[in-house]
Each structure stands twice: as structure tokens, then as C-alpha cells.
Amino acid sequence: MMSSPIHLPHCVVGVLGGGQLCRLLVMAARRMNIRTIVWTGGLEAPARGVADEVIDLPFDHPRALDHFCGVATVATVEFENIPLPVLHAVAKQVPLYPSAECVAICQNRWREKEFLRSHGFPCAPFALVSSSEELAAARHLLGPGVLKTADSGYDGHGQIRLREGDDPEMGWRNFDSPRGVFEKWISFAKELSVIVVRDKQGETVCYDPAENQHRDHILEISIVPARIAPSVAESAAAMACRLAESLDYRGTMGVEFFLREDGELLVNEIAPRPHNSGHHTLDACVTSQFEQQLRAVIGLPLGSTRLLSPVAMLNLLGDLWLGNDEPPDWHAVFEDRAACLYLYGKRQAKRRRKMGHVNILGDTADEALRRASSLKARWLEDSSTTEASPPGDCGAGTRPR
Ligand code: ATP
Ligand code: MG
């Protein structure tokens, strides 16, 4: 039987959010001559100049909604913190993948944790808190931990550690949000993530797990393949697939895990979109996580997730930009013949702001990691001899791009 023809140029993919994930998604679309329209929400948009059309208006703008839905034939999200009413309004007019229901779960830690608990996925012991008294009770019950905002969290923004002896009342006073999740502090052996993609028919594919190293709650380096036992890699992949199925998910999704010393895996969080720890797929895998997102959303068959080379992905944070917004010396990257530089074109470098990344292909994960670390060390040396860049705005709920 002949299958129906596939017409790529007839679709226009609408993207809600215009940050670096959108930029990389739109670049993948360009390669296949797929048109895109991006609604930035009024924030600085690295996707500008790459997308076919950009709507630079806030998400509560009614004309923007009509225009976006009039042009897009299918829609997706670039980050989870899109207002829920906008997701529902878009979904009424244009097919939206992942669904508003999936994004709603992942954009709010209360809903996310309840989802994990009710579906039997292991995660760190937690309590939902909305007052100083509730936080004190949770701290008493769970011991040292971390208070995270229920809404609009990303890159560790709005998180407060409560260590042994710290006063919960003070913690609550410093907490810039009416609702939070208090999570027990987990001593883990490693952090892992799995990028999983689920298509229109419900077929699920997974990339090899990434081993992630964070600094100050923000991703610094991802290493693939992760240096873990094959059985752990299999369990993480199986759990990510089960999560995608439980959510009836369509698109690319990132699942973060804590791996404990005894081999137990705990789900940390779910990202309903391509994930920072999947950026290596741009150079080290047959199909990138961004192309998979397009394929899943449009309804095309998924590509292979096969890893072609060990790789280390190094995030370039604004901290590396020297005084006066001056970028680091790229000499070291270009000296390395197997390093691929990505810059997101953000106007201003700020502390903790993700400005770009480098994928470093290696013979082994260890060797790629060594080269990534020495690159970073070289830049840090440079920046310590120059005036440090001013601290950025790291408040909860704001998204410096
Ligand atoms: P991102 O957007 O980078 O995923 P986020 O704001 O959503 O960040 P989390 O993933 O919850 O925040 O936390 C960021 C990092 O902080 C984790 O990857 C981990 O390194 C550390 N962390 C968070 N929660 C815990 C915990 N309960 N125990 C130990 N470390 C934790
Ligand atoms: Mg995280």
C-alpha cells in the first residue's frame, strides 16, 4: 500500500518563546526549508534573524494571538513558562505539541511532583509549602533541603538552600514566591538526563543518557556517554520513555535524574522541550534533539538517536565575558579542531546567563571532558586577570535572555 505523500513546505511551525532553544530549533527547520513563526512574548529573542517571522509582543496581546494562529499550521513551545491561558487559546486554533496539559504539569513544581508521585515515579521526598509555618514543618520532617519556587523556576533561579542550622523563617522571608516545594537534599553520585522523543503514533525513542555537572544549580558540562553501568543507562531510558507515555507526550522532552550511590534513580524534573543537556546531539548524534522536535510536531518519522562520537558539551555563561561585555578569546576553541562553537547572539552578558555552548568531540568521554575543562580553565584564567562582569538579575520569575 502506498503511504500518503509528505509535503514539508506547506507547514509553518509556530514557536512560543524565542530563546536559544527556539533559535536552535528554527535553525534545524531552516535546513529542511520548513517555515517558522516565533512569538517572543516581548523578551529578547535569540531566534530573531533566524526565524521566518517574529512577533515581538507580550503573551497577553490579543492581536499577537490571532496573527500567530493565523500563520502557524502547528505550534510548539520553546520553554515551559508560557502562560497557561495562552497555551489553551493557541491549542483551540492550532494543534499544539506537547499539549497544554503536558506543559501545565511541567511548568509548576506542585503539579509536577504530584504527577510523579501519583504515577509511581521515584523522586526526592518533598512537601508543598505556602507559608513560613509549612516550611518549618517540612524542614523538621525532611531535614536539610532546598526550597524551590512552584512557578517559573529555571537554572536554579529562586532556589534557597536550607542547611543544618539554617532558620526556615529567614528562608521563607528571602523566598520571592507565594508557593514552593521544599525538597530533601539528596546526596547523589551523579546527575543524569535522558532526552526522549515521542511521535504522533506514540513511538518513543531515547538518546544515550548524559552525565551532567552543575555549578551553583546551573548546568556547566554534559558528558556523553555517561560514565555509568549499562543497567543504570537502561533504567534511566526506560523511565524516561514511561514518563513520556504517562503524559501522552508528543515532541522532545528532557528528564533529569539524580543517581544515588546505591544505583537508585530519582526523577528531578521534566522539561517539555529540547533540553540544554541535549545540545551535544547537534554534532554527536545522527539526528539532533531539535530536528526530532520538528519531526514529532509536524508528524514526520523520527530519526536515529545513535551517538556517533563521545562528546562533552560546555555551557558558556555570561560570567566568562570579560569586563565591558567583551567576549572571551575564542582562540582556544578554534585551536581545538573538534570543538563546535554555538553563540546565541544575546545582547548583554550577565552572570549566569547562558550565552552559548561548545560541543567537544573526543575519542572517549574522559578525553572530551578533559579538553572541555581545560578550555574553561583557560578562560577563567583570562577573566580573573580582568575586571569581573557585574552581577546579573537572578530573581525568581524573571528570565534574563
Ligand atoms: P534547570 O532549569 O537548570 O533544570 P531548575 O531551576 O529547574 O534548573 P533544578 O533542576 O530543580 O532547578 O535544580 C538545579 C540543580 O540544583 C540540580 O540539577 C542539582 O544540581 C541541584 N539540586 C536541586 N535539587 C536538589 C536536591 N533536592 N538535592 C541535591 N541537589 C539538588
Ligand atoms: Mg533542572
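In listed order, ligands and their atoms are each counted from 1.
Nearest protein heavy-atom contact of atom 8 (O) of ligand 1 is D155 N, 3.1 Å. In terms of protein heavy atoms, atom 22 (N) of ligand 1 is closest to F258 CZ, 4.0 Å. Atom 6 (O) of ligand 1 has as its closest protein heavy atom G156 N, 2.6 Å. Protein heavy atom in closest approach to atom 23 (C) of ligand 1: K148 NZ, 3.3 Å.
Of all atoms in ligand 1, numbered sequentially from 1 with element shown, those under 4.0 Å from a heavy atom of Q159 are 5 (P), 6 (O), 9 (P), 11 (O), 12 (O), 13 (O). Listed by atom number, the atoms of ligand 1 under 4.0 Å from H214 heavy atoms are 18 (O), 20 (O). In summary, the atoms of ligand 1 found under 4.0 Å from a heavy atom of E183, numbered by their order in the structure, are 24 (N), 25 (C), 26 (C), 27 (N). Close contacts of ligand 1 with F188, meaning ligand atoms under 4.0 Å from a residue heavy atom, involve 29 (C), 30 (N). Those atoms of ligand 1 with a heavy atom of E256 less than 4.0 angstrom away are 4 (O), 10 (O). Near E269, with a cut-off below 4.0 Å to any heavy atom, the atoms of ligand 1 are 1 (P), 4 (O), 5 (P), 7 (O), 8 (O), 9 (P), 10 (O), 12 (O).
In K184, the part holding a heavy atom less than 4.0 Å from any atom of ligand 1 is the backbone. The part of N268 lying near ligand 1 is the side chain, judged by heavy-atom distances below 4.0 Å. When non-hydrogen atoms are compared, ligand 1 lies under 4.0 Å from the side chain of R109 (C-beta onward) but not from its backbone.
For Y249 and D199, the side-chain atoms include no donor-acceptor pair closer than 3.5 Å. Judged purely by distance below 3.5 Å, without hydrogens or angles, the side chains of E191 and N212 never pair a donor atom with an acceptor atom. Remark: the H67 side chain and the E53 side chain contain an N/O donor-acceptor pair separated by less than 3.5 Å. In this model, a donor atom of one side chain and an acceptor atom of the other lie less than 3.5 Å apart for K346 and Q20. Judged by distance alone, the side chains of S288 and Q292 never bring a donor and an acceptor atom under 3.5 Å apart. T149 and S177 are not linked by any side-chain donor-acceptor pair at a separation below 3.5 angstrom, with hydrogens and angles left out of the test. With no hydrogens or angles considered, no side-chain donor-acceptor pair links S222 and E211 at under 3.5 Å.
Atom CG in L375 sits 12.0 Å away from atom NE2 in H331 (nearest 0.5 Å).
At the Mg ion (ligand 2), the vertex angle linking OE2 of E269 with OE2 of E256 is 90° (nearest 10 degrees).
The shortest N or O to N or O distance between W185 and ligand 1 is not under 3.5 Å.
Aromatic rings from Y207 and H275 are positioned such that their centres are separated by 6.0 Å or more. Checked against a 6.0 Å centroid threshold, the rings of W321 and W379 do not count as neighbours.
Using 4.0 Å as the threshold, V146 has a heavy atom nearer than that to some atom of ligand 1. Ligand 1 is never approached by L219 to a heavy-atom distance shorter than 4.0 Å.
Closest heavy-atom approach to atom 19 (C) of ligand 1 among the candidates E191, H217, H275: E191. Ranked by closest heavy atom to atom 29 (C) of ligand 1, the top entry among N212, I270, I186 is I186.
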E114 and R117: salt bridge (charged side-chain N to carboxylate O under 4.0 Å, His left out), yes or no, with the steps? CA-CA 5 Å; E114 289 298 8; R117 178 147 65 187; 3.6 Å; yes
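No more than 12 heavy atoms of other residues, nucleotides or ligands sit less than 6.0 Å from atom CZ of R306.
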